[in-house]
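Bear in mind that the values here come from a model prediction, so they are computed numbers and not experimental data. Proteins come first, then strands; the chains are lettered A, B, ... in the order of their sequence lines, and each starts at number 1.
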Amino acid sequence: KQEVTQIPAALSVPEGENLVLNCSFTDSAIYNLQWFRQDPGKGLTSLLLIQSSQREQTSGRLNASLDKSSGRSTLYIAASQPGDSATYLCAVYLGGAGTALIFGKGTTLSVSS
Amino acid sequence: DAMVIQNPRYQVTQFGKPVTLSCSQTLNHNVMYWYQQKSSQAPKLLFHYYDKDFNNEADTPDNFQSRRPNTSFCFLDIRSPGLGDAAMYLCATSRDIGALSTDTQYFGPGTRLTVL
């Protein structure tokens, strides 16, 4: 059974710091991996989607990498800002009819000014 | 803007009193999903509709039911809510089942359910 783990569960950094969030998954047979952002009491917003054949994706100050063979992904946030404060969840898609996304519990990021 | 809408945003019910949560979408997507997310936990898929075909996850309690009267609307019915059912309920859509290989799911803002 696929399990997705995110470490750390919470992270506090001062504004301007570069940071890395980690995601690991137990079964490397994935179609893709996504990183989502969730603001308190809100739904999920997709940030980056990495196909299993890709190594990384970039969007603005965000860079996500994928090492499928080792079952790991990282989300790199450059020059963090207070507006980046949120919970970041990673999710994997296994493919096949009847399956959806399998999520980790998330890392809650707090960026102080 | 095209989007996924959930109503109400906050719902309070009493132990054992049936409650219905609503989701609508203007994306014209074929698939609609319901997730349950408890505090500091990962979203957990309850079931999904592929067009009119209902697909229940194996560990979803019988207390949870769903209806999809048309493409745009999907409802989550909790027949007899217990204290353990207090959670955020997230509705999501995707163009197609296979679309998730290249495209994301689109999430609504969620309904926070409180059970007294």
Side-chain angles (χ1 to χ4, degrees), chain A residues 1-11 23-26 29-54 57 59 64 68 86-110, chain B residues 3-11 21 23 25 29-51 53-60 87-94 96-114:
Chain A
K1 179 183 176 182
Q2 177 74 265
E3 292 185 0
V4 179
T5 304
Q6 292 187 245
I7 295 173
L11 180 64
C23 173
S24 61
F25 46 95
T26 54
I30 63 170
Y31 266 68
N32 59 49
L33 182 144
Q34 288 188 69
W35 284 91
F36 288 87
R37 170 181 172 141
Q38 186 174 31
D39 291 287
K42 301 287 182 62
L44 280 66
T45 301
S46 180
L47 297 173
L48 291 164
L49 185 153
I50 312 175
Q51 299 292 350
S52 61
S53 59
Q54 297 175 322
Q57 282 286 341
S59 176
K68 204 174 83 161
T87 297
Y88 293 81
L89 296 95
C90 70
V92 298
Y93 176 60
L94 303 180
T99 62
L101 302 179
I102 299 174
F103 286 87
K105 293 182 179 181
T107 294
T108 298
L109 172 65
S110 176
Chain B
M3 60 178 64
V4 181
I5 303 162
Q6 291 189 244
N7 286 305
R9 294 292 313 280
Y10 302 91
Q11 176 73 57
L21 309 182
C23 177
Q25 53 123 344
H29 283 175
N30 285 325
V31 191
M32 296 185 77
Y33 307 81
W34 280 104
Y35 288 87
Q36 179 193 62
Q37 185 182 25
K38 296 186 178 180
S39 180
S40 301
Q41 297 296 310
K44 177 181 178 297
L45 182 66
L46 296 174
F47 26 61
H48 74 274
Y49 270 96
Y50 178 43
D51 195 10
D53 292 333
F54 177 70
N55 296 270
N56 199 30
E57 293 298 300
D59 55 355
T60 299
M88 175 75 86
Y89 289 88
L90 298 166
C91 175
T93 72
S94 67
D96 208 331
I97 289 286
L100 291 184
S101 63
T102 56
D103 196 10
T104 186
Q105 288 184 346
Y106 296 82
F107 283 81
T111 294
R112 180 163 297 283
L113 178 67
T114 300

Self-check item: Point-to-point distance, once rounded to the nearest 0.5 Å, from OG1 of B/T104 to CG of A/L101
Solution: 6.5 Å
Quiz item: Between B/D53 and chain A, which part of the residue has a heavy atom less than 4.5 Å away: side chain, backbone, both or neither?
Solution: neither
Quiz item: What are the two closest non-hydrogen atoms of B/A42 and A/G104, and how far apart are they?
Solution: CB-O, 3.2 Å
Self-check item: Per-residue contact mode, A/L44 against chain B (heavy atom under 4.5 angstrom)
Solution: both
Exercise. To the nearest 0.5 Å, tell me how far A/T87 OG1 sits from B/Q37 CD.
Key: 8.5 Å
Exercise. Counting only heavy atoms closer than 4.5 Å, note whether B/Q6 contacts chain A via side chain, backbone, both or neither.
Key: neither
Quiz item: Is there any salt bridge (charged side-chain N to carboxylate O under 4.0 Å, His left out) pair reaching into residues 32-51 of chain B, and which pairs are they, with sequence neighbours excluded?
Solution: B/K44-B/D59
Quiz item: Where does A/Q6 contact chain B at under 4.5 Å (heavy atoms): side chain, backbone, both or neither?
Solution: neither
Self-check item: Contacts of type side-chain contact (heavy atoms from CB on, under 4.5 Å), residue A/Q57, not counting sequence neighbours
Solution: A/L48, A/I50, A/Q54
Quiz item: In terms of heavy-atom pairs under 4.5 Å, which option from B/P43, B/C91, B/A92 contacts chain A the most?
Solution: B/P43
Quiz prompt | Heavy-atom contact with chain A under 4.5 Å, split by part of B/Y106 | solution = neither
Quiz item: Looking at CG of B/L90 and NZ of A/K42, how far apart are the two atoms once the value is rounded to the nearest 0.5 Å?
Solution: 13.0 Å
Quiz prompt | Rounded distance [0.5 Å steps], CZ in A/F36 versus CZ in B/F107 | solution = 5.0 Å
